Amino acid sequence: MNRLLLCAVASFVSGCDLSALEHKEEPPPEWPQYYCGSELFDLKQVKSTNPGFKNQRINHGSTCWVIDYAEDPKTLSGTVTLQRQMGTTPDGRPVGCTFKGLSNQVRAELTEGTCLIPTETGFARFELTTPANFSPKAETGAQAILDGTWSEQRGQDFLSAKVTLGLYPQSQSQKATLDGYPESAKKIVPLANDWSACGTPRCFQVAFKGRGQLVEGDTQHCASVLDWFGEPFSVVVDSRGHLAFSEDAASVAESDWLPGGPVPTGCGSFAFTGQRPTPYSTYGMRWTASGTGEMSMDHTVFHTQNNLTQICRTRWTSELGACR
């Protein structure tokens with residue numbers, strides 16, 4: 001074991017005096033360890049079907065994470081894993097955040113990671129998009145600033161945003177304790193993240209036909225605003241879970257991807273266009289490993305007739321076919 005490297009990595013969490021190595025050998029630190037700090041999510045550039053959803057800060061307060069380190073004997077560098085469990089899926093699998101990266105004598109850098117975060121109406125997803133330095137021993141400023149994307153379904157509304165996750169030192173008055181964090185839980189565990197096995201990017205053929213089904217609104221009042229679909233069309237899903245109306249993901253301009261993201265569990269995506277009270281549409285897709293599945297679209301119009309305004313919501317569904 002490279003003692004200088006091990007000491008440098010250990011100093012991230014517990015501190016280690018390099019000069020002490022000249023006088024005596026100390027037992028190596030045990031991994032994993034707990035790291036506690038305060039946790040803030042800042043949502044910005046928010047897009048949503050609900051105009052009331054704006055930029056916002058989500059403060060999770062003081063929290064404790066598990067941090068693990070493993071050394072590669074060939075390179076004498078190591079990998080760092082940072083994880084916090086936040087709940088479970090309906091089928092009982094743990095969910096939360098896992099970030100991974102590299103560490104050497106100088107610094108640790110987190111390069112990949114995903115969060116599946118329980119909310120009042122389901123789950124939100126955070127995807128790390130930019131490598132970030134991680135310094136949990138920092139006493140001022142931030143120990144880590146993680147930039148990524150955020151996707152969420154809140155009730156009947158959809159939300160997509162840029163997001164920054166900040167991990168900060170705790171003040172003594174807000175110090176998190178390890179109560180509720182037993183030694184048996186001090187380990188990195190597989191968290192629910194089905195998306196990595198969903199085989200994206202991929203293309204599907206969709207065939208919405210006819211006027212669809214009116215699922216909200218009065219039939220007579222809404223008759224004049226029902227849309228009609230004829231020819232089949234292609235939908236592509238990229239590695240982020242975004243949808244676009246095209247046959248080739250590589251040819252889609254960034255501005256043409258619809259806001260949205262992967263569904264919380266299983267293989268699927270959601271997307272939306274527009275914002276109430278103007279007409280807006282929401283899309284949902286689910287597929288299996290073999291490529292079979294279904295896509296639905298809800299189109300909502302606030303229609304005024306004879307001085308009466310009603311919501312007219314129409315739904316189309318189609319099985320997913322293979323692109324040519």
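Computed over heavy atoms, backbone and side chain alike; hydrogens, waters and symmetry mates excluded. Just so you know, these numbers come straight off a predicted model, no measurement behind them.
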Do side-chain atoms of [X] reach the backbone of [Y] as a donor and acceptor pair under 3.5 angstrom?
{"X": "Trp150", "Y": "Val46", "answer": "no"}
{"X": "Ser246", "Y": "Ala249", "answer": "no"}
{"X": "Gln83", "Y": "Val189", "answer": "yes"}
{"X": "Ser103", "Y": "Ala108", "answer": "no"}

Considering all heavy atoms of both residues, which atom of [X] and which atom of [Y] are nearest to each other, and what is their separation?
{"X": "His221", "Y": "Gln305", "answer": "CE1-CB, 3.6 Å"}
{"X": "Val263", "Y": "Ser269", "answer": "CG1-N, 3.8 Å"}
{"X": "Ala144", "Y": "Phe134", "answer": "CB-CD1, 3.9 Å"}
{"X": "Glu152", "Y": "Phe270", "answer": "N-CZ, 3.7 Å"}
{"X": "Ile67", "Y": "Trp31", "answer": "O-CE3, 3.8 Å"}
{"X": "Ala271", "Y": "Leu258", "answer": "CB-CB, 3.8 Å"}

- prompt: Would Leu116 and Leu191 satisfy side chain to side chain contact (heavy atoms under 4.5 Å, CB included), going step by step from the backbone distance to the final call?
  reply: CA-CA 9 Å; Leu116 195 59; Leu191 299 184; over 6 Å; no
query: With respect to Val163, which candidate in Leu128, Asp147, Thr149, Leu43 satisfies the side chain to side chain contact (heavy atoms under 4.5 Å, CB included) definition?
result: Leu43
message: So, applying side chain to side chain contact (heavy atoms under 4.5 Å, CB included) with Val206, which one of Phe233, Tyr283, Trp316 is it?
response: Phe233
Find out whether [X] and [Y] are in side-chain contact, i.e. whether some heavy atom of one side chain is under 4.5 Å from a heavy atom of the other.
{"X": "Arg286", "Y": "Glu294", "answer": "no"}
{"X": "Arg276", "Y": "Thr300", "answer": "no"}
{"X": "His242", "Y": "Thr200", "answer": "no"}
{"X": "Gln33", "Y": "Tyr35", "answer": "no"}
{"X": "Trp195", "Y": "Thr114", "answer": "no"}
{"X": "Lys209", "Y": "Phe229", "answer": "no"}
{"X": "Leu102", "Y": "Glu109", "answer": "no"}
{"X": "Met295", "Y": "Trp287", "answer": "no"}

query: Between the side chains of Thr79 and Lys100, does any donor sit under 3.5 Å from an acceptor?
result: no
- request: May I ask you to check whether Gln143 and Ser135 show a side-chain donor-acceptor distance below 3.5 Å?
  value: no
- request: Show your working on side chain to side chain contact (heavy atoms under 4.5 Å, CB included) between Thr164 and Ile145 and close with a plain yes or no.
  value: CA-CA 7 Å; Thr164 297; Ile145 297 294; 3.5 Å; yes
task: Could you list all the side chain to side chain donor-acceptor pair (under 3.5 Å) pairs where at least one residue sits in residues 249-266, not counting sequence neighbours?
output: Arg240-Glu254
Which donor-acceptor pairs under 3.5 Å do side chains of residues 47-55 form with protein atoms, sequence neighbours excluded?
residue : atom : partner : partner atom : Å
Ser48   : OG   : Asn50   : N            : 3.0
Ser48   : OG   : Phe158  : O            : 2.7
Thr49   : OG1  : Asp157  : OD1          : 2.9
Thr49   : OG1  : Phe158  : N            : 3.1
Asn50   : OD1  : Gly52   : N            : 2.8
Asn50   : ND2  : Asp157  : OD2          : 3.4
Lys54   : NZ   : Pro51   : O            : 3.2
Asn55   : OD1  : Gln45   : N            : 3.2

task: Check whether Ile58 and Leu165 end up in the same hydrophobic cluster, where Ile, Leu, Val, Met, Phe, Trp and Tyr are linked by side-chain heavy atoms less than 4.5 Å apart.
output: yes
- request: Could you name each residue pair satisfying disulfide (SG to SG under 2.5 Å) that touches residues 253-285, not counting sequence neighbours?
  value: Cys198-Cys267
